[in-house]
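Input: a single structure, listed below in structure tokens.
Keep in mind the model is a prediction, meaning the values are calculated, not measured. Atoms within each ligand, like the ligands themselves, are counted from 1 in listed order.
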Amino acid sequence: MHKIIPVAPFDAVVFGATGDLTMRKLLPALYYRFRDRQIPEASRIIAAARTRLGTGEYRDLAAAALERHVPAADRDPDTVARFLDHLRYVAVDGSGEAGWEDLANLLAEHPDHVRPYYLATSPSLYGAICRNLSAHGLIGERSRVVLEKPIGHDLASARAINDQVGKVFPESQIFRIDHYLGKETVQNLLALRFANTIFERLWNADVIDHVQITVAETVGVEGRGGYYDTSGALRDMLQNHMLQLLCLLGMESPLSLDADAVRDEKLKVLRALKPIPAHEVPMRTVRGQYVAGAVNGQPVPGYVADLAEGRTSLTETFVALKLELMTPRWAGVPFYLRTGKRLPQKVSEIVVQFRSSPFSIFSDEFAREPNRLVIRLQPQEGIKLEVMTKEPGPGGMRLRSTGLDISFEETFNQRYPDAYERLLMDVVRGNATLFMRRDEVEAAWAWADTLLNAWADRPEPPRPYPAGTWGPTAAIALIERDGRTWHEDLG
Ligand code: BG6
């Protein structure tokens with residue numbers, strides 16, 4: 001069992017406390033941290049939303065959420081009851097006047113507590129909530145604000161939100177969440193790269209042919225159609241989660257794990273993203289939208305039917321693209337990224353494909369496959385290095401690619417905490433290493449905007465793909481045109 005260091009006592013105020021994110025992710029994450037005694041007894045979780053509810057009613061909602069989202073084996077009734085005792089509810093109108101005095105009175109009971117304000121609301125409320133926090137004197141040195149994605153839908157809107165929040169909170173107190181950074185296996189990319197000399201020496205264009213990043217989901221839009229239809233796969237997954245993965249893969253070694261040291265290096269990667277010229281966008285990017293099909297043998301409707309609004313939509317639920325980084329380490333190495341909903345498997349994986357050697361002492365009869373490092377982020381977290389080996393037995397030198405395969409589950413034999421558990425505790429501790437700085441978010445948008453603008457200038461409907469397939473065939477052509485293929489041995 002790893003050592004758990006309790007954090008300082010806190011009063012965490014969650015705005016949007018009746019919403020899906022709070023119920024599905026935040027309350028379960030806080031429950032686990034409480035169960036593992038990381039949250040001190042004096043701490044409170046203050047749930048805030050517009051609905052008029054009493055604390056008792058909110059605790060009932062929270063209990064139901066824990067039942068749905070925490071496995072029974074992890075729910076000891078006594079621990080659940082003690083956890084619920086830490087919840088309070090205040091009805092607060094984020095953009096209006098109602099409820100703020102009540103919140104202020106509650107917080108005044110513990111002036112010394114760390115105060116994370118978690119904004120699990122629509123980003124359109126971020127500015128108003130921050131203004132209200134300031135107007136009611138609720139911001140001090142021990143306060144921090146946590147912003148969920150999406151931070152804007154393009155560079156201009158992201159800047160506007162950052163400006164509004166930045167008027168009342170200094171950057172050091174703003175924690176922009178990208179929950180991928182809280183995933184254990186994503187943090188492990190830092191260990192893999194910078195704690196292992198064998199990889200770091202080979203991590204460059206001399207040795208690496210190309211990199212693939214796949215983030216595939218089996219789910220559709222799951223009742224989030226209102227948000228998703230204004231977003232699409234590029235904004236929802238690629239601009240943030242996938243570019244963050246790219247940063248960790250592509251960055252130079254930071255001087256330390258200090259928040260700004262890491263973020264400075266990630267920022268350089270984002271700034272090194274080579275803009276895709278408008279005329280190349282149709283060749284280098286593929287947009288898709290799922291139509292009816294079957295996932296895991298179950299028939300599922302298409303995206304338009306999922307939206308249930310009786311209208312067509314031009315929003316992409318799949319995107320694949322090829323990008324490059326203009327750095328000495330990576331010049332000329334293509335990165336192929338793809339993500340989509342209603343694909344055949346839920347899997348997030350990075351494939352680092354090494355170059356093949358130009359000369360071989362082995363007969364051509366036994367095709368040699370270049371080495372490949374497969375980093376599985378979820379599920380079945382692990383790392384596999386594919387190496388050529390001799391097949392046993394007489395009869396010549398027969399070669400075969402086999403995997404040096406590490407399964408983290410088997411190695412560590414313990415539960416993987418959800419990303420939010422780690423991130424919420426980091427907020428209380430004031431450790432911003434795994435959060436995005438303003439300049440990072442804006443650099444990522446600046447690059448994404450070039451694509452969004454090119455798509456908008458030449459609007460074309462996304463290519464249909466049946467649910468349960470790996471996206472439109474054009475995504476296969478995107479990589480095969482370069483004489484390469486998507487890694488298929490997923491999971
Ligand atoms: C969220 C997206 O940020 O990430 C969702 O808004 C997506 O559309 C989710 O389903 C995927 O996260 P995970 O942790 O399940 O890979």
**Report entry** Contact summary for G302 and Y290, nearest pair of heavy atoms
**Finding:** C-CE1, 3.4 Å

Requested in this report: Run the ring-centre check on Y420 versus H179 and record whether the distance is less than 6.0 Å.
Outcome: yes

Report summary line: When rounded to the nearest 0.5 Å, the distance separating CG of L478 from OG1 of T473 is 11.5 Å

Report task. Using heavy atoms and a cut-off under 4.0 Å, could you grab the residues that are in contact with ligand 1, chain by chain, numbers ascending? Result -> K149, H179, Y180, K183, E217, R224, D236, M237, H241, K341, K346, Q378

Query raised in the report: Are a donor atom and an acceptor atom from the side chains of Y465 and T317 found within less than 3.5 Å of each other?
Result: yes

Query raised in the report: Stepwise, does the salt bridge (Lys or Arg N to Asp or Glu O under 4.0 Å) test hold for E171 with R438?
Result: CA-CA 8 Å; E171 181 64 27; R438 172 177 186 154; 5.8 Å; no

Query raised in the report: In terms of ring plane angle, is the pair F199 and W203 parallel, tilted or perpendicular, where the classes change at 30° and 60°?
Result: perpendicular

